[in-house]
Each structure stands twice: as structure tokens, then as C-alpha cells.
Q: 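First, the structure itself, so that you have it in front of you.
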Protein chains: 2
Amino acid sequence: MTSADHPLSALLRLFRSTAYLESRLSPGLGSVHGLALNELLFLLQLSRAPLQRLRRVDLAQRLHTSQSTITRMALPLEKIGLIKREADPRDARVAYVTLTKTGRTRTAEAEATFSRMAAEIFRDRWSDKDIAQLSSLLGRFTAALPGDLTD
Amino acid sequence: MTSADHPLSALLRLFRSTAYLESRLSPGLGSVHGLALNELLFLLQLSRAPLQRLRRVDLAQRLHTSQSTITRMALPLEKIGLIKREADPRDARVAYVTLTKTGRTRTAEAEATFSRMAAEIFRDRWSDKDIAQLSSLLGRFTAALPGDLTD
DNA sequence: AGATTATACTTGCGTCAGGAAGCATTTCGG
DNA sequence: CCGAAATGCTTCCTGACGCAAGTATAATCT
């Protein structure tokens with residue numbers, strides 16, 4: 001209602017920026033490595049995980065999505081050999097999602113192109129300090145949660 | 001690859017924050033006013049427009065979505081009387097989406113609760129300056145595009 | 001130990017989203 | 001002017017997602 005409602009405007013701009021950046025990045029990413037943005041985020045979570053593997057529940061939590069989505073997303077990725085299914089010897093309920101060797105290289109390649117695209121996004125009008133500050137501020141939202149993807 | 005790849009980490013955190021915040025805000029918003037987050041953004045665009053009305057193409061562009069999505073989203077909103085369809089006397093192709101009187105009040109109410117929820121998000125660990133800075137930085141992404149929703 | 005509860009995952013179903021094609025209208029080029 | 005291209009919108013088709021229910025295994029309670 002009042003002007004300078006910063007919490008509101010920050011959130012509105014956050015959603016707007018995301019919609020904008022997704023529409024801008026998705027096509028390029030998909031065409032280069034055959035991966036959707038969500039799939040790359042999926043794989044990046046694995047690549048950051050201790051043994052390049054995670055339980056499906058944890059993956060769901062880190063990606064802020066549902067378990068069923070994880071199940072469905074894993075299917076094609078397993079079919080093309082980027083991930084594989086692994087059992088837990090101590091608990092027969094869990095089915096780890098594990099990055100394969102091919103998966104590791106493909107993820108690294110896709111991450112590299114994504115990083116280039118990211119740099120391109122910021123190329124104009126952004127100083128290194130601005131970018132670092134933005135990253136730092138955004139990091140606060142999920143600081144307490146596992147799965148931050150920063151190196 | 002290298003550490004402190006700020007463009008990359010800024011974008012990753014942006015997507016992650018959005019996923020987190022959507023999952024946190026959507027249920028509450030929907031239960032209070034019966035509007036999904038996307039629908040509120042839809043209505044807010046109209047409330048900020050010159051005559052509380054926009055062409056469907058422009059709405060699609062501002063929301064970074066497709067025209068078909070606008071068509072589909074407009075149906076239920078029109079059915080419950082928040083928006084209405086208006087013709088352009090000079091161009092028979094366009095069908096304006098216009099906010100009704102009920103739509104204006106409902107939008108204002110939903111915006112108020114959304115603003116409260118936004119404030120709640122930032123309540124801990126965020127100074128006013130931090131929030132303003134985040135908002136300002138995010139504003140850069142879409143600064144050149146029409147449809148910024150800041151008052 | 002046996003029964004209840006909790007956890008991990010999958011499947012079925014309904015909803016929502018985008019791309020391509022289709023239709024109507026306007027604009028452009030000669 | 002008249003045909004061709006462009007624009008605005010809708011419809012059809014398909015894919016992605018979440019929720020609730022179902023199954024299997026593990027943990028807990030008495």
C-alpha cells in the first residue's frame with residue numbers, strides 16, 4: 001500500500017527476476033547439453049554431495065520439490081546413464097541416486113557452460129562487488145538449509 | 001570450477017531462494033484469498049497498469065510466460081468476477097484484460113497479506129538496508145523491461 | 001516378540017504450463 | 001487496392017508437478 005514497501009518489492013522482484021532468467025537461460029542450456037535447468041540443478045546437488053550420491057528424500061528437500069518429482073526426474077537421467085540407482089545395505093527402503101562417471105563429466109561440462117551464461121547475464125552494469133553482494137544476500141534465505149551449491 | 005564463481009553462485013542461489021520462498025508462501029496465500037501466487041502476480045500487473053487493464057500479449061510479456069497461459073489463467077479469474085474482458089474499438093484482435101471493482105479490492109487485500117508475509121520472511125537477520133539493497137540489485141535484471149511492480 | 005507408527009519410495013490422478021497450429025484481423029508492399 | 005506478412009488470441013497436445021494413496025521396510029512401544 002505505502003510506497004517503499006521493501007519486503008514486498010524485494011520478493012516481487014525476486015520472482016520476476018527468476019521468471020526472466022529462466023526464460024532466458026533454459027533454451028540455451030537445453031540445446032547445448034540436452035539438460036533442462038531443473039535437471040542441471042538435480043545433478044549439481046549430487047556433484048556436491050559427499051560420495052556424489054544422495055537419498056531421494058534429501059534430494060527432494062534440497063531442491064524444494066516433492067519426492068514424486070524426484071522419482072520421475074531420475075528416470076530419464078538414469079536411462080541416459082548420468083545417474084544410477086544404489087541400495088543401502090543397512091536400510092532396504094532407501095535407493096540412493098548416484099552420479100555415474102559419465103554423469104560427472106556431463107555435469108561439469110554443463111556447469112561450465114552455465115557459468116559462462118551466468119557471467120554473460122552480469123556482463124553489463126554489474127561490478128564484481130555487486131554480484132558478490134547479491135549472492136551473499138540471496139544466500140541468507142536458505143542459509144540454514146542443506147544443499148547450498150556454492151563451491 | 002574455480003571457487004568464488006560469483007555469477008554462477010548468484011544465479012544458483014536465486015533459483016534456490018525462489019523455490020524455497022514459493023514453497024513457503026504459496027500455501028498461505030492460497031488459503032487466505034483463494035489465489036495462487038501466479039494469479040496474484042497476474043492481478044498486480046493489472047492493478048499497476050494505466051487503466052487497470054492490459055492486452056493479453058503485454059501481460060504475457062510482463063509475467064514472462066506464454067500467451068496461452070494468459071488465456072487459461074484469465075478464465076477462472078473472469079469466472080469469479082475479478083477481471084473482465086474488454087474489446088479495443090480500434091483493433092478487433094485485442095481483448096483487454098481489465099480489473100473489475102471487486103478485482104481491485106481483492107487484489108489490494110491479497111497484496112496486503114502478501115506484504116505481511118514478505119515482512120515475516122525478512123523479520124530475522126535482515127536490516128531495512130539489506131532488504132532495500134536486495135530489492136535494488138534484483139531490480140537490475142528487469143530494469144529495462146516494462147512491468148516492474150514496485151510502487 | 002507383536003503390534004503400531006514412522007520412513008522411503010512409487011504410482012495414480014488432477015492441475016497447470018508451454019509450443020505448435022489454427023483463426024481472425026490488421027498492416028505492409030507492390 | 002490486393003495479396004502477403006504480421007499480430008493478437010485461442011485450442012490442441014504433451015510434458016511436468018504435487019498430493020494422496022499404496023507398498024515395503026525400519027523403528028518404537030508395551
Side-chain angles (χ1 to χ4, degrees), chain A residues 15 18-31 34-42 49 53-80 83-98, chain B residues 15 18-31 34-42 46 49 53-80 83-98 146:
Chain A
F15 292 134
T18 299
Y20 164 70
L21 290 169
E22 273 180 357
S23 74
R24 179 162 169 191
L25 294 171
S26 279
L29 190 65
S31 65
L35 293 174
L37 180 54
N38 286 347
E39 291 177 319
L40 177 56
L41 297 177
F42 183 114
R53 78 174 190 188
L54 283 172
R55 302 189 310 164
R56 281 154 150 80
V57 200
D58 299 325
L59 206 36
Q61 185 190 348
R62 279 153 209 252
L63 296 172
H64 298 286
T65 185
S66 67
Q67 287 192 29
S68 53
T69 297
I70 301 298
T71 298
R72 270 190 282 273
M73 284 183 69
L75 272 176
L77 293 174
E78 184 172 2
K79 192 152 291 183
I80 60 178
I83 60 176
K84 66 169 184 283
R85 194 188 188 76
E86 225 168 333
D88 184 327
R90 305 172 148 272
D91 189 337
R93 290 172 302 183
V94 327
Y96 288 105
V97 180
T98 311
Chain B
F15 292 134
T18 300
Y20 164 69
L21 291 169
E22 273 179 358
S23 73
R24 179 162 168 190
L25 295 172
S26 278
L29 190 65
S31 65
L35 293 174
L37 179 55
N38 286 346
E39 291 177 320
L40 176 56
L41 296 178
F42 183 113
L46 293 178
R53 78 175 191 187
L54 283 172
R55 302 189 309 164
R56 281 152 149 82
V57 200
D58 299 327
L59 207 35
Q61 184 191 348
R62 279 154 209 250
L63 295 172
H64 299 285
T65 187
S66 67
Q67 285 193 28
S68 52
T69 297
I70 301 297
T71 298
R72 235 173 320 94
M73 285 183 69
L75 270 176
L77 292 174
E78 184 173 0
K79 191 152 294 185
I80 60 178
I83 60 174
K84 65 171 187 282
R85 193 189 189 77
E86 226 168 331
D88 184 328
R90 305 173 147 272
D91 189 338
R93 290 172 302 181
V94 327
Y96 287 105
V97 179
T98 310

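Lettering of chains follows the sequences in order, A, B, ..., and the numbering in each one begins at 1.
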Q: Do you know which two heavy atoms are closest between B:Ile83 and B:Ala74, and how far apart they sit?
A: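 Minimum heavy-atom separation between B:Ile83 and B:Ala74: CD1-O, 3.5 Å.
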Q: With nearest nucleotide decided by heavy atoms, which residue, A:Arg72 or B:Arg85, maps closer to the 5′ end of DNA chain D?
A: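 Per heavy-atom nearest nucleotide, the more 5' residue is B:Arg85.
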Q: Can you give me the first and the last nucleotide of DNA chain D (5' to 3') that has an atom within less than 4.0 angstrom of a non-hydrogen atom in chain A?
A: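 First and last nucleotides in contact are D:dC17 to D:dA26.
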Q: Rounded to the Å, how far apart are A:Ile70 CD1 and C:dT11 P?
A: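 My rounded result for the distance is 15 Å.
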Q: What is the distance from CG of A:Asp88 to C1' of C:dT7, rounded to the nearest Å?
A: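 So the two atoms are 13 Å apart, to the nearest Å.
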Q: Taking only residues two or more places apart in sequence, or in another chain, which ones meet A:Arg56 in a side-chain hydrogen bond (donor to acceptor under 3.5 Å, both in side chains)?
A: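 Result, side-chain hydrogen bond (donor to acceptor under 3.5 Å, both in side chains) vs A:Arg56: none returned.
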Q: Quick one, which residues of residues 54-63 of chain B touch DNA chain C with a heavy atom under 4.0 Å?
A: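 Correct list: empty, so none.
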Q: Nearest-Å distance, CD (A:Glu22) to P (C:dA17)?
A: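 About 13 Å, once rounded to whole Å.
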Q: Rounded to the Å, how far apart are B:Leu77 CG and C:dC16 C1'?
A: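 Distance, rounded to whole Å: 13 Å.
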Q: If you compare all heavy atoms of A:Leu54 against all heavy atoms of A:Ala49, which two are closest, and at what distance to 0.1 Å?
A: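 Scanning both residues, the minimum pair turns out to be CG-CB, 3.7 Å.
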Q: On a heavy-atom basis, which atom in B:Ser26 and which in B:Leu37 lie closest, and how many Å separate them?
A: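 Result for this residue pair: OG-CB, 4.0 Å.
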Q: Treat primed atoms plus P, OP1 and OP2 as sugar-phosphate and everything else as base, then score nucleotides 20-29 of chain C 5' to 3': B for base contact with protein heavy atoms under 4.0 Å, S for sugar-phosphate contact only, - for none.
A: -----BS---
Q: Mind listing the closest non-hydrogen atom pair of B:Val97 and B:Leu46 along with its distance?
A: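 So the two residues come closest at O-CD2, 3.4 Å.
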Q: Taking atom P of C:dC16 as reference, at what distance in whole Å does atom CZ of B:Phe42 sit?
A: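 Interatomic distance, CZ of B:Phe42 to P of C:dC16: 14 Å.
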Q: Looking at every non-hydrogen atom in both residues, tell me the closest pair between A:Ala87 and A:Pro89 and how far apart they are.
A: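 Of all heavy-atom pairs spanning A:Ala87 and A:Pro89, the closest is O-CD, 3.7 Å.
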Q: Suppose we screen for salt bridge (Lys or Arg N to Asp or Glu O under 4.0 Å). Which residues come up paired with B:Asp88, at least two apart in sequence or across chains?
A: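 Salt bridge (Lys or Arg N to Asp or Glu O under 4.0 Å) check on B:Asp88 returns nothing, list empty.
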Q: Atom OG1 of B:Thr65 and atom CG of B:Asn38: how far apart are they, to the nearest 0.5 Å?
A: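 Here the rounded value is 8.0 Å.
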Q: With sequence neighbours left out, what residues match A:Tyr96 under ring-ring contact (aromatic ring centres under 6.0 Å, His included)?
A: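 By the ring-ring contact (aromatic ring centres under 6.0 Å, His included) rule, A:Tyr96 matches no residue at all.
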Q: Rounded to whole Å, how long is the line connecting atom CG of A:Leu75 with atom C1' of C:dT11?
A: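 Rounding to the nearest Å, CG of A:Leu75 and C1' of C:dT11 are 11 Å apart.
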Q: Enter the distance from A:Met73:CE to A:Leu41:CG here, rounded to the nearest 0.5 Å.
A: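 Answer rounded to 0.5 Å: 8.0 Å.
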Q: Compare every heavy atom of B:Glu39 with every heavy atom of B:Leu77, then report the nearest pair and how far apart it is.
A: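 So the two residues come closest at CD2-OE2, 4.1 Å.
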